[in-house]
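Values below: every heavy atom of this structure, side chains too, minus hydrogens, waters and symmetry copies. Convention: sequence-line order gives letters A, B, ...; per-chain numbering from 1.
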2 protein chains.
Amino acid sequence: MGLKPSGEMYLETIYVLSQMKSCVRSVDIAEHMNFTKPSVSRAVGILKKENYISVDNDGYINFTDEGLKLAQKIYERHTVLSELLMLLGVDKETASEDACKIEHVISDKSFETLKKHMKDKQKQQ
Amino acid sequence: MGLKPSGEMYLETIYVLSQMKSCVRSVDIAEHMNFTKPSVSRAVGILKKENYISVDNDGYINFTDEGLKLAQKIYERHTVLSELLMLLGVDKETASEDACKIEHVISDKSFETLKKHMKDKQKQQ
DNA sequence: CCGCAAAGTTAGCTAAAGCTAACCATCTGT
DNA sequence: ACAGATGGTTAGCTTTAGCTAACTTTGCGG
């Protein structure tokens with residue numbers, strides 16, 4: 001039935017971590033998000049049950065096709081939104097924080113519009 | 001401790017209703033937001049307890065100074081954000097829906113930046 | 001005056017998503 | 001070989017914010 005902001009946040013974190021290190025475990029997520037192990041354990045269980053990730057016997061997490069697609073989508077939103085805010089003069093810290101919130105609630109339609117606007121703006125500068 | 005998105009949404013709704021009709025009651029909010037009376041009853045109780053509104057003996061709702069200020073702030077965010085999205089080409093419906101979500105999570109800093117950008121954009125067109 | 005409709009409240013359910021405490025299973029170092 | 005660290009899970013608490021069912025209060029119409 002589609003992920004909630006919280007689930008998307010976990011997925012995005014897994015994506016980011018998977019680009020920084022070869023293998024991602026629950027404990028890495030907990031560390032990175034500053035959540036407790038049980039919280040992560042449950043969230044990972046849900047992502048697995050809903051077929052966004054798989055977890056092998058050693059506790060290493062891998063995306064399913066659907067999971068990867070969604071993670072990349074969220075991550076793109078994050079980067080585009082924070083770049084856009086920064087382009088307009090918002091400091092990096094704030095831009096990233098706000099992008100983190102907006103990325104989970106904005107519609108595809110609005111996001112694509114903003115993305116196009118950002119590209120144009122980027123060119124003309 | 002500051003209102004959550006849900007509380008802000010109620011406040012904004014009261015503000016909008018108060019501009020459409022002389023008096024606002026809980027049942028009007030319920031009608032407008034498509035929530036049940038008990039849900040609204042609790043929310044109104046919280047807004048009252050936290051001093052954003054007062055409710056007189058007849059059930060009519062009025063803002064406190066703080067409540068009005070916050071309601072106007074949220075409402076301004078809503079209008080500016082949806083105008084901005086529309087200016088960039090997003091349809092009214094979607095723009096309003098997205099504004100509704102973003103208005104509760106964006107920082108003052110980013111909002112003011114976007115607002116300024118919108119004004120500029122508005123002028124040059 | 002009786003009865004109904006409208007407005008509000010109370011009690012209690014649910015789901016989401018964080019938490020702690022406590023436990024289990026490995027793996028490692030002396 | 002066994003103690004402790006590391007990683008994960010289970011059970012159960014808390015808050016938020018929606019819901020239904022059922023109640024109270026009030027104001028009318030006939």
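Here the P atom of nucleotide dT26(D) and the CG atom of Asp56(B) are 14 Å apart, to the nearest Å. Whole-Å rounding puts the Lys49(B) NZ to dA17(D) P distance at 11 Å. Here dT16(D) presents its C1' atom at 13 Å from CG of Leu3(B), a figure rounded to the nearest Å. Rounded to an integer number of Å, the gap from Phe35(A) CZ to dT9(D) P is 17 Å. Between the C1' atom of dG8(D) and the NZ atom of Lys48(A) lies a distance of 11 Å, rounded to the nearest Å. Taking atom OH on Tyr60(B) and atom C1' on dT26(D), their separation rounds to 12 Å, with Å as the unit. Residue Ile29(A) contributes atom CD1, which lies 15 Å from atom C1' of dT9(D) at whole-angstrom precision. Atom CZ in Arg42(B) sits roughly 8 Å away from atom P in dA17(D) (whole-Å rounding).
Where Ser6(A) and Gly59(B) each meet DNA chain C at their nearest nucleotide, the meeting point lying more 5' is that of Gly59(B). Two residues, Asp58(B) and Ser39(A), neighbour DNA chain C, and the one matched to the more 5' nucleotide by heavy-atom proximity is Asp58(B). When each of Pro38(B) and Val27(A) is assigned the nucleotide of DNA chain D with its nearest heavy atom, Val27(A) is the one assigned upstream, toward the 5' end.
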(message) Apply side chain to side chain contact (heavy atoms under 4.5 Å, CB included) to residues Ser82(B) and Lys92(B) and explain how you reach the verdict.
(response) CA-CA 7 Å; Ser82(B) 55; Lys92(B) 191 172 175 176; over 6 Å; no

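Looking at Asp108(A) and Lys115(A), no side-chain N of the basic residue comes within less than 4.0 Å of a carboxylate O on the acidic one, giving no salt bridge. Residues Lys116(B) and Asp120(B) are paired through a salt bridge, judged by an N-O separation under 4.0 Å between the basic side chain and the carboxylate.
Asp58(B) places no side-chain N or O within donor-acceptor distance of the main-chain N or O of Tyr60(B), the cut-off being under 3.5 Å. For Ser41(A) (side chain) and Pro38(A) (main-chain N/O), no donor-acceptor pair under 3.5 Å exists by modelled atom type. Side-chain N or O atoms of Thr79(B) include one that pairs as donor or acceptor with a backbone N or O of Glu76(B) at under 3.5 Å.
Taking 4.0 angstrom as the limit, Lys37(A) places none of its side-chain polar atoms (N or O) nearer than this to OP1 or OP2 of dG8(D).
Bounding nucleotides for the chain B contact on DNA chain C, 5' to 3', at a heavy-atom distance below 4.0 Å, are dA7(C) to dT10(C).
The only option from Leu88(B), Leu85(B), Asp98(B) that meets the side-chain contact (heavy atoms from CB on, under 4.5 Å) definition with Thr113(A) turns out to be Leu88(B).
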